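Order of listing sets the numbers, starting from 1, for every ligand and every atom in it. Quantities reported herein were computed from a predicted structural model and do not represent experimental measurements.
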Amino acid sequence: MSEAKKLYIKTYGCQMNVYDSERMAEALGGAGYVETKTPDDADMILLNTCHIREKAAEKVYSELGRFKGLKAEKPDLKIGVAGCVAQAEGEEIMRRQPLVDLVVGPQSYHRLPEMEAKTQEGVKALDTEFPEEDKFERLKSRPKAKRGPTAFLTVQEGCDKFCAFCVVPYTRGAEVSRPVDRILTEARDLVERGVREITLLGQNVNAYHGAGSDGSDKTLAQLIWELDKIDGLERIRFTTSHPNDMDDALIEAHGTCNKLMPYLHLPVQSGSDKILKRMNRSHTAESYLRLIERIREARPDILMSGDFIVGFPEETEEDFQATLDLVEEVRYGYAYSFKYSTRPGTPAAERPLVDEDEASERLQRLQALITRDQRAIQDEMVGREVKVLFEKPGRFEGQMVGKSEYLHAVHVDKANAAAGDLCAVRIVESGTNSLKGILA
Ligand code: SAH
Ligand code: SF4
Ligand code: F3S
């Protein structure tokens, strides 16, 4: 048998891309590739790209430019672009960067092995369709090798919400959910290979409605209760949720399902009703706050996380102040904030922009407030006992690092524990980005 070819994948963007990259590596594993950590010795380079903001998309072209030298040295090197830039820009990528051999959109990854074969014959390959067949069903099943204690599992893809600023409905297509049985099979397989925590992924994961084995559609809450029955699976998380899809059963599960972790990422984007309306979010700041109240009634210690866009077209200082007020009221344990980035083809792209300096200044103010709460919430963990799922050794001999229920990074010196151990830990110190604990 010929020597294995080497595949280098670089992943940008959200966790769904991380999951897709794993599955692409597995699919190309069937075509004789093993993964390598550097582009230098690769036979194929695959960039799994993100189109969410302008900078993310531009990064791809500058990265591609850097491979020119490599390709000159090694003419057989194949270069591919996958992910959301591939979907959005398709042939344009090959025109702008002739050294690209292959462009594959997120719904066509199961066709990668055939496409790779085509490139070996010197033919360029492009596939950015939204085919009828389920890409995950067609992708080879995951190999049985041992793996780390945490894993992502995509259960839903696409988005029907069409927020006025966002490219996702165009790059990932309409909302589609995977059937319950296939998810359970994949979850059991992951657990057999050492996984103890699964994060269910979807662009709108709580809009999940996949076919159950009895033929009727199941909700995310129902799927979580099915996963709850898997022995050896200790923790379940899900991301990202839309406020309008938080149904009663899902809220209740946060209070009653022990495996469901007390952490919820629930983006709101803005605290101003005028801006929310223009964003086409179809909820108000008030309805969002009342929703969080209900979630906290079900699970009082839940740690909330969110996403914000500042400088959305026509955002005034008063609108921005409403965002700050909302942040004050919610007290997020984590929050991600971005300056609005115009995405061609989206409805908001036609509207008048906020002054760039003004937007930057607002972003700084928002981030300062978020950091304050984040630090305070982290500091409040000192003295408390949490459960830590250890993931890997730390920098020092005997040190282990892992995550608490609340997704805080925790390190324990002389832990005498292995990756995959779930241990009671008393928090003794709060650092910049992590907590220090001792075994309880
Ligand atoms: N489906 C998820 C996440 C979508 S993308 C959701 O609805 O929450 C992740 C985040 O990127 C969004 O929540 C939003 O805050 C940000 N984002 C999306 N489009 C953007 C744009 N054009 N400019 C700036 N930030 C954007
Ligand atoms: Fe984008 Fe809105 Fe869909 Fe989230 S809900 S992916 S922000 S369109
Ligand atoms: Fe980016 Fe696509 Fe995810 S645009 S955020 S990689 S869905």
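- Proximity of the aromatic rings of Y340 and F312 is defined here by a centroid distance below 6.0 angstrom, and this criterion is met.
- Using a 3.5 Å distance cut-off with no hydrogens or angles, the side chains of D43 and Y8 do not pair a donor with an acceptor.
- Less than 4.0 angstrom separates atom 7 (S) of ligand 2 from at least one non-hydrogen atom of the protein.
- Annotation: cation-pi geometry not satisfied between R23 and Y109 (NZ/CZ under 6.0 angstrom from ring centroid, within 45° of ring axis).
- A donor atom on one side chain and an acceptor atom on the other are found under 3.5 Å apart for N48 and S21.
- Going from atom CG of L303 over to atom OH of Y406 covers 8.5 Å, rounded to the nearest 0.5 Å.
- Any protein N/O/S atom under 2.8 Å from atom 2 (Fe) of ligand 2 was counted, giving 1 altogether.
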Enumerate, atom names and distances included, each donor-acceptor pair closer than 3.5 Å involving a side-chain atom of residues 243-253, sequence neighbours excluded.
residue, atom, partner, partner atom, Å
N244, ND2, S282, O, 2.9
N244, ND2, S282, OG, 3.1
D245, OD2, K161, NZ, 2.8
D247, OD1, A249, N, 3.4
D247, OD1, L250, N, 2.9
D248, OD1, R294, NH2, 2.5

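- Taking CD1 from I292 and CD1 from I302, the interatomic distance works out to 9.5 Å, rounded to the nearest 0.5 Å.
- If you check the side chains of Q156 and S177, you find no donor sitting under 3.5 Å from an acceptor.
- In this structure, F308 has its ring center under 6.0 Å from that of Y332.
- Near ligand 1, I52, R53, F165, Q203, T240, P267, Q269, D307, I309, F338, K339, Y340, S341, R343 each place a heavy atom less than 4.0 angstrom from the ligand.
- A donor and an acceptor atom, one from each side chain of D127 and S108, are located under 3.5 Å apart.
- Aromatic ring pairs are classed by plane angle as parallel below 30°, tilted from 30° to 60° and perpendicular above 60°; the pair H242 and H283 is perpendicular.
- Protein-derived N/O/S atoms nearer than 2.8 Å to atom 3 (Fe) of ligand 3 total 1, waters excluded.
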* Does the pair E89 and H51 meet the rule for a side chain to side chain contact (heavy atoms under 4.5 Å, CB included), with working shown? -> CA-CA 9 Å; E89 302 192 357; H51 201 247; 3.3 Å; yes

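- Taking the six-membered ring for Trp and thresholds of 30 and 60 degrees, H408 and Y334 have ring planes inclined between 30 and 60 degrees apart.
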